[in-house]
Amino acid sequence: MIDRQQWKDLVQSRLEVLFEKTGKEGSLPSVVVQVPPKPEMGDLAFPLFAFAKAFGKSPVELANSLTEDINSLEDRPEGQAFAAGPYMNVRVDMLSLIENLCKKVDEEGSSFGSTKVLDGRNVMVEFSCPNTNKPLHLGHVRNDCLGNSISAILKASGATVMKVNLINNRGVHICKSMLAYKRFGNGETPESTGIKGDHFVGSWYVRFNDWAKEDPSAEEQAQQMLVKWEQGDKETLELWNLMNKWTIDGISETYRNTGISFDRYYYESDTYKLGKDKVLEGLERGVFQKQEDGAVYIDNSDIGLDKKILLRKDGTSIYITQDIGTAINRHEDWPFDSLVYVVASEQQYHFKVLFHVLDKLGYSWAKDLHHLSYGMVFLPEGKMKSREGTVVDADDLLLQLTAMAREEISEKGRDKDLEDPDKTAHEIALGALNYYMLQFDPQKDVTFNPKESLSFTGNTGPYIQYMGARISSILRNFAANEDIYKGVGFDASLLSNEEEREMFKLCGSLPELVTRASQSYDPSVLCSFLYDLCKIFSHWYHDNQVLDSGNKVLTVARVRLCKVVLTSLQNAMALIGIPFLEKM
RNA sequence: GGUCCUUUAGCUCAGCUGGAUAGAGCACUUCCCUCCUAAGGAAGGGGUCGUGCGUUCGAAUCGCGCAAGGAUCACCA
């Protein structure tokens, strides 16, 4: 909203003019614009240190003469310059900024904040990608939150987004749970036991690992089962279909509960053969090599990496074989301009190799593949290990958060004010979860400490939701008495204190922030925005009555501010998966 | 050993392209509901920004070295 570029150009050109007047030789460095550290220091700042040498003057003197020069110009952008030590600062004209922003927010409504920087681009985002042998855990939750949010952010930047999920339903790990079930299951089912399908299958995966400790042949049997599976053995495929369905049903329920959705599903079982063919094709063309024992590999020494097996000696495919097939299949399906893989940082090496393999196979779009790598989620005790039972289960976590939120509602005596307290509790839980998962820089590892992390106060999702609910409450009360304010005009000059200026400036910067979030694949930018905005609002709200301001014109102006803040809040919340609540 | 990442307050983290006294939350000590929802607000203590050099008028931010921690380098996914 503030035209930085315009001011920057002006300062640059005036400095050139002043420099010419000195009659000195040489050229000037380019001007830098920044935001002063405190609101009372204005809206823009131009440090003049770098010009001191050329002018042969101190930056302080230079700031004085530049300020005088600029303020004497007739046709400068709206605003006032002033010297602040070695800086020349500018206070822009807030009235027009406020009026323009109010108008823009009114016009754009729920799409305020969106931009067109990725207009016309087709972006595919792959995330979640569960295995069909166990339920989702905390690591998947971070993945889901990130994938969902980054998809929304890319969409808000103008891209056409295709959210895809790849189901890892093939491999030796799947055979493990099948084998254990076949051996020890006694025909039980999720229905007969009343256990959610994904948890049911997961328990057999655990059972396999216990069994493998006693019986050394277990691993080998699983490997044999995989060969049978690839050969299309009927009985194996039947069991596989049945158990996959159980898991996918269970996981789909978790998606529904956490507000995650996809536009298209892919299954590794559908693409591993294509991957295999492409690898063999590459072998024929001499892109890949064959070992003495028959395994096919790629020599990566040209990019400084080790060689990597692409096909086992028994001819079965491995993880990367499937990914090769999946990528090719997808580009044929929906020719994307870029494909973003949301996958944990531990797989950086894998993706480096995968992209290189696709490039070697001659796919020009290999350069448009991007690995959005995110840090691991650790527990205070260290890494989560399913075999040691230290995983934080996604369903349990959500239930626990919901129960906590429900209890808060009762404790605060809010039950009677809410239409559906259970639903509200669930939405608060989602707000807490999404905000927690997205507030950090994605590439950083996070330590999840249940006691400290599951909080509803301070810098949290519920705090953001609470501000939204408070503003909604004000606007509801205002709407109920609307006739009192009929015909009262909007006077932007009544919103000129530092906090009001800051809130308008911040809201006005939302489109820039969305752009930054999409370019850096980092939703945490929006978490900071929300928190900063709420913090200023709650301080302002504490000292400034909106409805009982004692002056109708003032009330109307403040309501206008509330609307701008609320719309900005709602739109940013939507991008990071925090449900907006009218009441809580 | 190779590659990549991290190191800022007791704990968990911000800090945009280098700039004006390094910021939050949690925890701790106080205060504020006759006031639009106290899931809130105000005040206070607490930091040689891992370390050493370098670039620069200026470095938490950029470069190099070192140290600590993590990930990865599977015919697991």
Side-chain angles (χ1 to χ4, degrees), chain A residues 32-38 41 45 47 49-50 52-53 59 84-87 89 129 131 133 168 170-174 223 268 291 293-297 300 304-306 308-314 316-320 322-323 344-350 352-353 373 375-376 378 383 405 408-409 411-414 417 428 432 439-441 443-449 451-453 455-467 469-478 512-513 516 520 524-525 527-528 531-532 534-535 538-539 541-543 545-549 562 583-584:
Chain A
V32 173
V33 208
Q34 25 187 247
V35 178
K38 293 201 169 176
M41 299 166 95
F49 305 95
K53 204 182 265 175
Y87 294 82
N89 291 5
C129 306
N131 291 324
N133 65 340
N168 292 297
R170 197 213 77 94
V172 73
H173 58 300
I174 307 297
Q223 199 63 48
E268 287 199 329
Q291 289 185 166
D293 65 2
V296 180
Y297 69 94
N300 288 317
L305 300 178
D306 296 333
K308 167 82 190 171
I309 300 289
L310 302 177
L311 217 48
R312 290 194 187 98
K313 65 183 171 204
D314 65 5
T316 58
S317 24
I318 56 172
Y319 182 49
I320 194 161
Q322 297 158 178
D323 265 1
S345 61
E346 58 183 354
Q347 294 195 35
Q348 281 180 10
Y349 189 88
H350 168 78
K352 245 187 215 168
V353 174
S373 158
M376 307 287 289
F378 294 108
K383 198 172 175 177
E408 281 296 301
I409 291 171
E411 257 176 37
K412 294 178 197 305
R414 300 284 305 154
D417 295 299
I428 291 168
Q439 66 180 311
F440 312 113
D441 181 340
Q443 73 169 336
K444 284 194 178 176
D445 293 340
V446 303
T447 303
F448 182 84
N449 183 338
K451 281 183 200 142
E452 291 163 15
S453 309
S455 164
F456 296 153
T457 58
N459 187 359
T460 63
Y463 171 74
I464 309 291
Q465 290 174 311
Y466 180 60
M467 285 308 135
R470 287 178 108 172
I471 300 173
S472 301
S473 175
I474 294 172
L475 296 181
R476 263 198 311 277
N477 292 334
F478 176 77
E512 279 171 49
L513 295 176
R516 208 164 92 205
S520 56
S524 73
V525 170
C527 293
S528 305
Y531 185 66
D532 290 344
C534 288
K535 203 145 166 48
S538 34
H539 183 243
Y541 164 98
H542 192 262
D543 305 332
Q545 281 286 313
V546 176
L547 300 175
D548 197 14
S549 69
C562 287
K583 292 179 183 175
M584 69 183 276

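Letters A, B, ... mirror the listed sequences (proteins, then strands); counts begin at 1. Below, each value reflects all heavy atoms present in this structure, side chains not excepted, and no hydrogens, waters or symmetry copies.
No side-chain heavy atom of A/Met467 sits less than 4.5 Å from a side-chain heavy atom of A/Tyr541. A/Lys313 is not listed as a side-chain neighbour of A/Gln291, based on a closest heavy-atom distance of 4.5 Å or more. In this structure, the side chains of A/Asn300 and A/Lys352 stay at 4.5 Å or more apart for every pair of heavy atoms.
Taking atom C1' on both B/U8 and B/U61, the two are 12 Å apart, rounded to the nearest angstrom. Comparing the C1' positions of B/C28 and B/C5 gives a spacing of 34 Å, expressed to the nearest Å. Straight-line distance between the P atoms of B/G25 and B/G40: roughly 10 Å, to the nearest whole Å. Between B/U72 and B/A39, the two P atoms lie 43 Å apart (nearest whole Å). One P atom belongs to B/C16, the other to B/U6, and the distance between them is 13 Å to the nearest Å. B/G65 and B/U3 have their P atoms separated by 10 Å, given to the nearest Å. For the C1' atoms, the distance from B/G18 to B/A60 is 10 Å, rounded to whole Å. Of the C1' atoms belonging to B/U30 and B/C35, the separation is 22 Å, rounded to the nearest Å.
The distance from atom NE2 of A/His542 to atom P of B/C36 is 11 Å, rounded to the nearest whole Å. For the pair A/Arg470 CZ and B/A38 C1', the interatomic distance rounds to 7 Å; values are reported in whole Å. The CZ-P distance, from A/Phe378 to B/C13, rounds to 11 Å in whole Å. The distance from atom OH of A/Tyr319 to atom C1' of B/A74 is 13 Å, rounded to the nearest whole Å. Computed from coordinates, the A/Phe478 CZ to B/C36 C1' distance equals 13 Å when rounded to whole Å. Spacing between atom CG of A/Asp543 and atom P of B/G40 amounts to 17 Å, rounded to whole angstrom units. Between A/His539 atom NE2 and B/C32 atom P the separation is 17 Å, expressed in whole Å. When rounded to the nearest whole Å, the span between CG of A/Leu513 and P of B/A14 equals 16 Å.
When distances run from any side-chain atom of A/Pro37 to the nucleotides B/A20, B/C13, B/U37, the shortest one goes to B/A20. When distances are taken from the side chain of A/Gln34 to each of B/G19, B/C73, B/A71, the shortest belongs to B/G19. Taking the side chain of A/Asn477 as heavy atoms from C-beta on, and the options B/G40, B/A39, B/U37, the nearest nucleotide is B/U37.
Heavy atoms of A/Asn89 sit under 4.0 angstrom from at least one base atom. Across all strands, A/Lys583 comes closer than 4.0 Å to base atoms (heavy-atom distances). Across all strands, A/Val446 comes closer than 4.0 Å only to sugar-phosphate atoms, never to a base (heavy-atom distances). Note on A/Phe440: only backbone sugar-phosphate atoms sit closer than 4.0 angstrom, heavy atoms only; bases stay farther off. Heavy atoms of A/Ile174 sit nowhere under 4.0 angstrom from any nucleic acid atom. Nucleic acid contact for A/Ile428: base, since at least one base atom lies under 4.0 Å from a heavy atom of the residue. A/Ser373 comes within 4.0 angstrom of nothing in the nucleic acid, heavy atoms only. Residue contacts shown for A/Asp532 are absent, as no nucleic acid heavy atom lies under 4.0 Å away.
Across all strands shown, nothing is found opposite B/G18 as a Watson-Crick or G-U wobble partner with both distances under 3.5 Å. Under the Watson-Crick or G-U wobble criterion, with both distances below 3.5 Å, B/G44 is paired with B/C28. The partner of B/A9 cannot be assigned: no Watson-Crick or G-U wobble pair with both contacts below 3.5 Å exists in any strand. Nucleotide B/G50 forms a Watson-Crick or G-U wobble pair with B/C66, both donor-acceptor distances falling under 3.5 Å. Base pairing of B/U72 is made with B/G2, judged by Watson-Crick or G-U wobble geometry with both donor-acceptor distances under 3.5 Å.
Under the 6.0 Å cut-off for aromatic ring centres, A/Tyr466 and A/Phe456 do not qualify, their centroids lying 6.0 Å or more apart.
Nearest-nucleotide positions on RNA chain B place A/Gln439 closer to the 5' end than the other of A/Ala45 and A/Gln439. Comparing A/Ala405 and A/Pro86 by the nucleotide of RNA chain B whose heavy atom lies nearest to each, the residue mapping closer to the 5' end is A/Pro86.
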Below 3.5 Å between N/O atoms, which protein atoms pair up with nucleotides 3-5 of chain B? Just atom names and distances, please.
residue: B/U3; atom: O2'; partner: A/Lys352; partner atom: NZ; Å: 3.2
residue: B/C4; atom: O2'; partner: A/Gln348; partner atom: OE1; Å: 2.9

Strictly under 3.5 Å: I want the nitrogen or oxygen pairs between protein and nucleotides 26-30 of chain B, one per line.
none

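Ring geometry for A/Tyr531 versus A/Tyr463: interplanar angle of 30 to 60°, hence tilted.
In this structure, A/Arg312 reaches the B/C76 phosphate: one of its side-chain N or O atoms is under 4.0 Å from OP1 or OP2. The phosphate of B/A39 has OP1 or OP2 within less than 4.0 Å of a side-chain N or O from A/Tyr466.
Residue ring and nucleobase are stacked for A/Phe49 and B/G19, with a centre distance beneath 5.5 angstrom and an angle between planes beneath 30°. The ring of A/Tyr87 lies on top of the base of B/A20, close enough and flat enough: under 5.5 Å between centres, under 30° between planes.
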| CA sep, side-chain torsions, deciding dist, call: A/His350, A/Asp323, side-chain contact (heavy atoms from CB on, under 4.5 Å) | CA-CA 10 Å; A/His350 168 78; A/Asp323 265 1; 2.9 Å; yes

| task | Could you go through the side chain to side chain donor-acceptor pair (under 3.5 Å) check for A/His173 and A/Asn168 one step at a time? | result | CA-CA 10 Å; A/His173 58 300; A/Asn168 292 297; over 6 Å; no

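Nearest heavy atoms, A/Ser317 versus A/Leu311: CA-CD1, 3.9 Å. The minimum heavy-atom distance linking A/Val32 with A/Pro47 is given by the pair O-CD, 3.4 Å. Looking at every heavy atom in both residues, A/Pro59 comes nearest to A/Ala52 through CD-CB, 3.9 Å. Scanning both residues, A/Gln545 and A/Ser549, for their nearest heavy atoms gives O-CB, 3.5 Å.
Taking syn as a glycosidic angle within 90° of 0, B/C49 does not qualify and is anti.
Judged purely by atom type and a 3.5 angstrom limit, A/Arg312 has no side-chain atom pairing as donor or acceptor with the backbone of A/Ile318. No donor-acceptor pair under 3.5 Å is formed between the side chain of A/Asn131 and the backbone N or O of A/Asn133.
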